[in-house]
Structures are given as structure tokens and as C-alpha cells.
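For this chain, numbers begin at 1 and follow the sequence in order. Every heavy atom of this structure was used, including side-chain atoms; hydrogens, water molecules and symmetry mates were not.
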Amino acid sequence: MLDDRYSLAHKLYPYERNADQDGSVEAHHPVVIIGGGPVGMAAALDLGLQGIATLVLDDHEGVGEGSRAICFAKRTLEICDRLGCGDPMVDRGVVWNLGKVFHGDDKVFDFNLLAEGGHRRPAFINLQQPYFEKDLVERIRAAQADGAPIEIRGKNRVDRLDASDEGARLEVTTPDGAYAITADWVLACDGAGSPTRKAMGIDFEGKVFKDSFLIADVRMTADFPTERWFWFDPPFRDAGDSALLHKQPDDVWRIDFQIGWDVDREAELKEDRIRARIDAMLGEGVEYELVWTSIYTFQCRRMASFRHGRILFVGDSAHQVSPFGARGCNGGVQDSDNLAWKLAAVMKGEAPETLIDSYDVERGAAADENIRNSTRSTDFITPKSDQSRLFRDAVLQLARNHDFARPFVNSGRLSHPCIYDGSALNSSDALPGGPAGARPGAPAPDAPLGKAFLLDQLGNDFAVLAIGCDAPAVEGLRTVEVANPDPDLAARYLGDADAALYLIRPDQHVAARWADATADQIVAARDRALGKDVA
């Protein structure tokens with residue numbers, strides 16, 4: 001088990017009877033979130049920090065069982081920094097940037113996911129999902145103490161949802177019986193098996209791959225480095241056709257084994273069979289404790305649309321990808337990051353309701369990108385024909401000695417944030433020679449800024465970033481001016497330009513950039529990013 005403080009025995013939000021259960025009329029809530037996992041809690045925290053009253057309904061009372069998601073990417077950590085909970089996650093997590101790829105007994109090559117300096121956060125941390133969830137809930141508790149209008153109700157299961165043009169009516173079951181409430185907006189963050197999606201009769205579109213993978217979390221004292229190690233055709237073939245090893249906190253190591261499609265899952269989950277695979281990998285006599293085991297199948301699927309009127313699907317309820325690449329939970333947190341500021345702007349009357357459609361467009365494109373990359377990983381890891389296997393093995397052979405072949409090796413190409421190229425919220429790019437990594441639609445790259453880092457200074461609302469120039473005064477817009485940029489900041493934001501002005505969205509994606517701009521141009525770009533008609 002994980003540390004008992006974070007096990008199921010610890011109820012982060014135990015059931016309590018609430019006033020809605022005793023009211024003579026059905027209570028109304030501006031936003032209801034169904035599901036208290038990391039995506040639902042991140043959305044609740046983000047909305048609450050913006051003053052939007054938000055109610056989370058969860059059918060459990062705390063963190064789920066098992067480590068589940070463990071790899072949290074740099075972009076997700078930056079979102080958590082913006083929400084005020086990044087430090088405890090990084091402090092507890094296992095930081096890593098390096099990885100190795102093996103083919104049989106031979107090392108093919110190693111890689112560094114964040115070779116350049118000047119970043120506050122690493123490429124990844126490994127942290128069991130229950131810890132991640134607990135840190136989010138603790139941050140919500142602190143925000144509640146400061147007045148953020150967030151409520152969490154454990155053991156409140158949504159059993160019926162009736163949607164309308166104005167919102168929804170929800171029937172909720174508790175240990176004390178049922179009650180009903182209404183809401184203006186509902187966020188379905190209830191996971192891959194989403195009861196909300198099924199109740200609405202909506203299905204996924206996509207592909208299920210015919211292969212199975214066994215997860216085994218083991219606690220052991222080992223001298224493996226804190227790197228991601230992946231084997232194609234591992235020398236311990238009795239363990240599986242491919243294998244993955246990396247470290248988590250608490251001396252727990254995650255091991256994934258590819259075990260094939262036509263397997264008896266019940267038999268494969270028996271302890272003696274699991275131990276046989278692990279012993280083949282680690283060698284006989286290595287002492288370890290089994291912490292958690294599971295079997296999963298690669299799935300690359302999504303809803304056709306993430307918006308259904310006032311019902312919005314977020315995270316795994318909207319899309320699924322294979323675990324290789326760490327796109328599931330990371331993609332879900334980035335969904336909530338994209339949606340929360342837009343929903344808050346609409347509810348405050350700062351933007352038209354049509355702005356919510358851009359959530360479906362932008363995060364739909366991100367889901368397609370993740371599915372595309374995940375499918376390619378799956379096809380490379382599990383070739384389905386002799387020709388595909390021949391190609392894969394030839395690439396692995398070439399990659400041992402030739403750099404050009406290494407980008408073709410796909411052992412689960414790891415999560416990157418989506419750039420919203422072509423989004424209607426972007427303004428035209430007017431910075432000749434500007435770096436591609438900071439173009440409109442891209443997440444703003446972090447960089448050193450004095451003794452701190454840039455992203456910490458941008459905040460949670462629209463901001464103007466002025467580098468090497470003065471920013472025109474725009475009422476209501478935060479301004480960050482950098483007279484003498486650090487070389488890393490200059491490289492990431494100026495490129496060949498001598499000076500630049502950027503408009504950054506509340507989710508810290510670039511909305512527009514110029515070599516120079518007037519206040520009116522900046523206001524027009526902000527209005528465009530809010531989905532207003534600026535023609």
C-alpha cells in the first residue's frame with residue numbers, strides 16, 4: 001500500500017449531510033463538477049480562485065486505490081504552480097529528465113527531455129496519483145479558508161442528469177437518501193467509464209488495440225537510476241515482449257509488461273504469475289513487496305464533441321489514450337486549464353457563451369494530437385505484422401550508431417502541450433523572426449526573470465509581456481516589463497527581434513505578439529481571445 005495517510009482509509013472529504021438535502025425546494029448551483037479525481041479538483045480549484053461558486057460531487061470520500069497515473073509533465077507542473085500547489089508535488093515527487101532505450105541486451109541510446117537550462121520545473125516528476133489528488137485537495141482547503149467558493153461532497157453519487165438549454169437538473173444519492181439540485185453548468189470529470197456520458201447515450205469514437213499490459217508497482221531498495229528505462233524484446237523474455245521501469249516515491253518502482261492479447265487476465269493477476277515475471281526481470285533473490293497490480297489495454301478514443309449544451313466533458317470522460325506517453329492525466333489537467341478561464345469569463349459577463357465552443361475546438365485538436373502520437377507509439381511498440389516488426393527492428397539497429405534514426409524510435413513518445421495553431425482566439429503574428437516556440441497558440445515558455453521565473457509573474461488573467469520596450473498602458477491588464485532579458489528569455493521570446501510585445505491568455509498560452517503595438521491593438525487582441533466580435 002501507499003503511505004497510510006493517502007490510502008483509502010484516509011477520507012479527504014468524508015460524507016456530511018448538507019443543507020440541500022433538507023431544503024423545501026431544489027437548491028441551485030452555478031457550476032457542478034461530477035468526479036473528484038485530479039481533473040475535477042484542478043477545475044474546481046481554478047474556478048474557485050476566480051470567484052466562481054463550484055460544487056464537486058464525488059461518489060467516494062477521498063483518493064482512489066493504486067498509483068494509477070504517475071508521470072506528471074512540465075506543463076502540468078506549471079499549471080499547478082499557477083494554482084498554487086506545484087511545490088509540494090515536486091518536493092515529494094521523483095524528478096527525472098533522462099531515459100534509456102534497450103533492444104534485447106543492448107542499449108540503443110539514452111535521451112534528455114530537458115537538456116537546456118533556465119526552467120523552473122523538470123521535464124517530468126513521478127508521483128503516485130493519490131498524492132497528486134491530496135495536494136490538490138489541501139490547496140482547495142487553503143483556498144476555501146481564504147474565501148474561495150468551493151464545496152466538496154463525498155459519497156454524493158449522481159444517478160440522473162437531465163440537461164436543458166439553461167443548465168441541468170441532477171439527482172444525487174447519498175447514505176441518507178436522494179436529493180436533487182440544479183446547475184447552470186456541469187463539468188463531467190468522471191473518468192473513462194463516465195456514467196454521465198453513458199447516461200446521455202454518447203459513445204467514444206476510435207480504436208482499441210489488441211494487446212494487454214500488466215502493471216506491477218513494487219516496493220524495493222534498488223540502485224537503478226531515476227530514469228525511464230524501456231526494453232524492446234527484453235532479455236528476460238519470460239516477463240513479456242516489452243517492459244518499462246521507472247521509480248516513484250516511497251521506494252516504489254513501476255514496472256509495465258507487455259503480455260499479449262489472448263491471455264487469461266484472472267490468471268495473469270495471480271501473485272505467483274506476477275512474481276514469476278518480476279523475478280525474470282530482476283533476477284532471483286531480489287526482495288520486493290507487491291504494492292499494486294492491474295492490467296490495461298491500449299485505447300485511443302474520444303467523443304466527437306466535448307460540449308453538449310451546458311454539459312462539458314473534461315479529461316478521460318472525453319478522451320482516452322494509452323498510458324505510454326503519459327498523456328492521460330496530463331491531457332486532462334490541460335483540459336481544465338483551457339476551460340476554467342473561459343467558463344469564468346462567460347459567467348462574469350466578460351465574454352459571450354460561444355467562447356465555450358473554443359474549448360471543444362482547442363482541446364479537441366489536443367486530443368487528436370495525443371491520440372495520433374499514442375497510436376504511433378502503440379504501432380511501434382506492438383507491431384502487428386512481420387513487415388512492421390522488421391521495420392521496427394531495423395530502426396532500433398540503426399539508432400545504436402546513427403542519430404538520424406533515433407527520432408523514429410517510439411517507446412511511448414512523451415507528453416508535450418498542444419499548440420493551438422489556427423485557433424480563432426489567436427491574433428496574427430506580427431513579430432518577424434520570432435521564435436516558433438512562442439508563437440500565438442503556444443504555451444508561454446518559462447525562463448529566468450531576475451531571481452524568479454517568468455511564468456510566476458504572469459498570473460491568472462490576461463497579461464502584457466514587454467521585452468526590451470515599453471508597454472502601452474491598458475486599463476485592467478497586468479503588465480510585465482523586462483528591460484534586459486536573460487539570454488534564455490531572449491532566445492525563447494525574441495528570436496531575431498530586438499524587442500517584442502506579447503499578450504498572454506489566463507491559461508498562459510500566447511494570444512498575440514508584435515514588434516510594437518498600440519493600446520488599441522492589444523485590446524482588440526484581448527477581445528478576440530475572449531471570443532468577441534471585433535470586426
key: Side chain R406, main chain A399, donor-acceptor under 3.5 Å   = yes
ask   = When rounded to the nearest 0.5 angstrom, what is the spacing between CZ in F111 and CD in E227?
value = 8.5 Å
message = Quick one about N126 and Q248 (side-chain donor to acceptor, distance below 3.5 Å, no hydrogens or angles considered), yes or no?
response = no
remark   = Scanning both residues in full, the closest heavy-atom pair of F230 with S242 reads CZ-CB, 3.9 Å
message = Would the distance check show the side chain of N330 and the main-chain N or O of C71 forming a donor-acceptor pair, the cut-off being under 3.5 Å?
response = yes
task = Look at the side chain of R302 and the backbone N and O of A304, then say whether any donor-acceptor pair between them is shorter than 3.5 Å.
result = yes
query = Any idea which heavy atoms bring G84 and R139 closest together, and the distance?
reply = O-CD, 3.3 Å
message = Between E268 and R277, does any side-chain N to carboxylate O distance fall below 4.0 Å?
response = yes
key: Any donor-acceptor N/O pair, T297 side chain to S212 backbone, under 3.5 Å   = no
message = Measuring from atom CG of L282 to atom CD1 of I255, what distance do you get when rounded to the nearest 0.5 angstrom?
response = 5.0 Å
Carboxylate-amine/guanidinium proximity below 4.0 Å for D379 and R392 = no
key: L83 versus A42, closest heavy-atom pair with distance   = CD1-O, 4.1 Å
query = Hey, is the main chain of D446 close enough, under 3.5 Å, to the side chain of R492 for a donor-acceptor pair?
reply = yes
task = Apply salt bridge (Lys or Arg N to Asp or Glu O under 4.0 Å) to the pair K198 and D203, showing each step before the final yes or no.
result = CA-CA 7 Å; K198 292 178 179 177; D203 203 355; over 6 Å; no
query = Is it true that Y502 and Y493 have ring centroids separated by less than 6.0 Å?
reply = yes
query = Yes or no on side chain to side chain contact (heavy atoms under 4.5 Å, CB included) for I140 and M41, after CA distance, side-chain angles and deciding distance?
reply = CA-CA 8 Å; I140 287 174; M41 291 302 183; 3.8 Å; yes
message = Treating S294 as the side-chain partner and I215 as the backbone partner, does any N or O pair qualify as donor plus acceptor under 3.5 Å?
response = no
ask   = Atom CG of L465 and atom CD1 of I504: how far apart are they, to the nearest 0.5 Å?
value = 5.5 Å
ask   = Do NZ/NE/NH1/NH2 and the carboxylate oxygens of K342 and D507 come within less than 4.0 Å?
value = no
Nearest-0.5 Å distance, CG of residue L455 to CZ of residue R82 = 10.5 Å
inquiry  = Take a 6.0 Å sphere around CD of E116 and say whether it holds more than 12 heavy atoms from other residues, nucleotides or ligands.
reply    = yes
inquiry  = Quick check: F132 with F72 (ring centres under 6.0 Å apart)?
reply    = yes
task = Measure the acute angle between the ring planes of H509 and Y420, then classify it against the limits of 30° and 60° as parallel, tilted or perpendicular.
result = parallel
Lys/Arg N to Asp/Glu carboxylate O, K74 vs E78, below 4.0 Å = yes
query = Would the F232 and F380 ring centres measure less than 6.0 Å apart?
reply = yes
key: Parallel, tilted or perpendicular, as decided by the 30° and 60° cut-offs, for the rings of H319 and F306   = tilted
message = Under a 3.5 Å distance rule, please check whether R197 uses its side chain to pair with a backbone N or O of A318 as donor and acceptor.
response = no
task = Determine yes or no for a side-chain-to-main-chain donor-acceptor pair under 3.5 angstrom, with D486 supplying the side chain and P448 the backbone.
result = no
inquiry  = Could you measure the distance from the CD atom of E369 to the CG atom of D421? Nearest 0.5 Å is fine.
reply    = 9.0 Å
ask   = Under 30°, 30 to 60°, or over 60°: which ring-plane class applies to Y296 and F213, parallel, tilted or perpendicular?
value = parallel
query = Can you check salt bridge (Lys or Arg N to Asp or Glu O under 4.0 Å) on R219 and D250, steps first, answer last?
reply = CA-CA 8 Å; R219 180 177 284 112; D250 308 325; 5.1 Å; no
inquiry  = Regarding T375 and K207, do their side chains bring together a donor and an acceptor under 3.5 Å, going by distance alone?
reply    = no
ask   = In this structure, which one of V186, V31, I33, L187 forms a side chain to side chain contact (heavy atoms under 4.5 Å, CB included) with L312?
value = L187
task = Without swapping roles, check the side chain of R273 against the backbone of K270 for a donor-acceptor pair under 3.5 Å.
result = no
inquiry  = Atom CG of residue position D386 - does it have more than 12 heavy atoms of other residues, nucleotides or ligands inside 6.0 Å?
reply    = no
inquiry  = According to side chain to side chain donor-acceptor pair (under 3.5 Å), who are the partners of D456, at least two apart in sequence or on a separate chain?
reply    = R120
inquiry  = I want to check something: taking the side chain as every heavy atom from C-beta on, are L77 and P122 in contact at a cut-off of under 4.5 Å?
reply    = yes
task = Determine yes or no for a side-chain-to-main-chain donor-acceptor pair under 3.5 angstrom, with N97 supplying the side chain and A123 the backbone.
result = yes
Donor on one side chain, acceptor on other, R505 and Q508, under 3.5 Å = no
ask   = Cut-off 3.5 Å, side chains only: do S388 and S385 have a donor facing an acceptor?
value = yes
ask   = Pick one: which of L245, I278, T293, V286 meets side chain to side chain contact (heavy atoms under 4.5 Å, CB included) with V218?
value = I278
S194 and D190: side chain donor to acceptor below 3.5 Å = yes
inquiry  = For D335 versus G315, what's the shortest heavy-atom pair and its separation?
reply    = OD2-N, 3.0 Å
task = Answer yes or no for R363 and F313: cation-pi contact, defined as NZ/CZ to six-membered ring centre under 6.0 Å and angle to ring axis within 45°.
result = no
Contacts of type side chain to side chain donor-acceptor pair (under 3.5 Å), residue D357, not counting sequence neighbours = R307
task = Give the C-alpha distance, both sets of side-chain angles, the deciding distance and a yes or no for side chain to side chain contact (heavy atoms under 4.5 Å, CB included) between I259 and I295.
result = CA-CA 9 Å; I259 61 176; I295 290 178; 4.0 Å; yes
request  = With side chain to side chain contact (heavy atoms under 4.5 Å, CB included) as the test, would you mind laying out the steps for M89 and L136 before giving the verdict?
outcome  = CA-CA 9 Å; M89 296 173 182; L136 282 168; 4.0 Å; yes
message = Would F236 and W231 count as a ring-ring contact (aromatic ring centres under 6.0 Å, His included) here? Give the steps.
response = CA-CA 10 Å; F236 38 89; W231 287 265; 5.3 Å; yes
inquiry  = If you compare all heavy atoms of L355 against all heavy atoms of S358, which two are closest, and at what distance to 0.1 Å?
reply    = O-OG, 2.6 Å
ask   = Considering all heavy atoms of both residues, which atom of P38 and which atom of E133 are nearest to each other, and what is their separation?
value = CD-OE2, 3.3 Å
inquiry  = Working to the nearest 0.5 angstrom, can you tell me the gap between T54 OG1 and L45 CG?
reply    = 10.0 Å
request  = Evaluate side chain to side chain contact (heavy atoms under 4.5 Å, CB included) for H246 paired with I70, printing each intermediate quantity in order.
outcome  = CA-CA 10 Å; H246 45 164; I70 65 166; 3.8 Å; yes
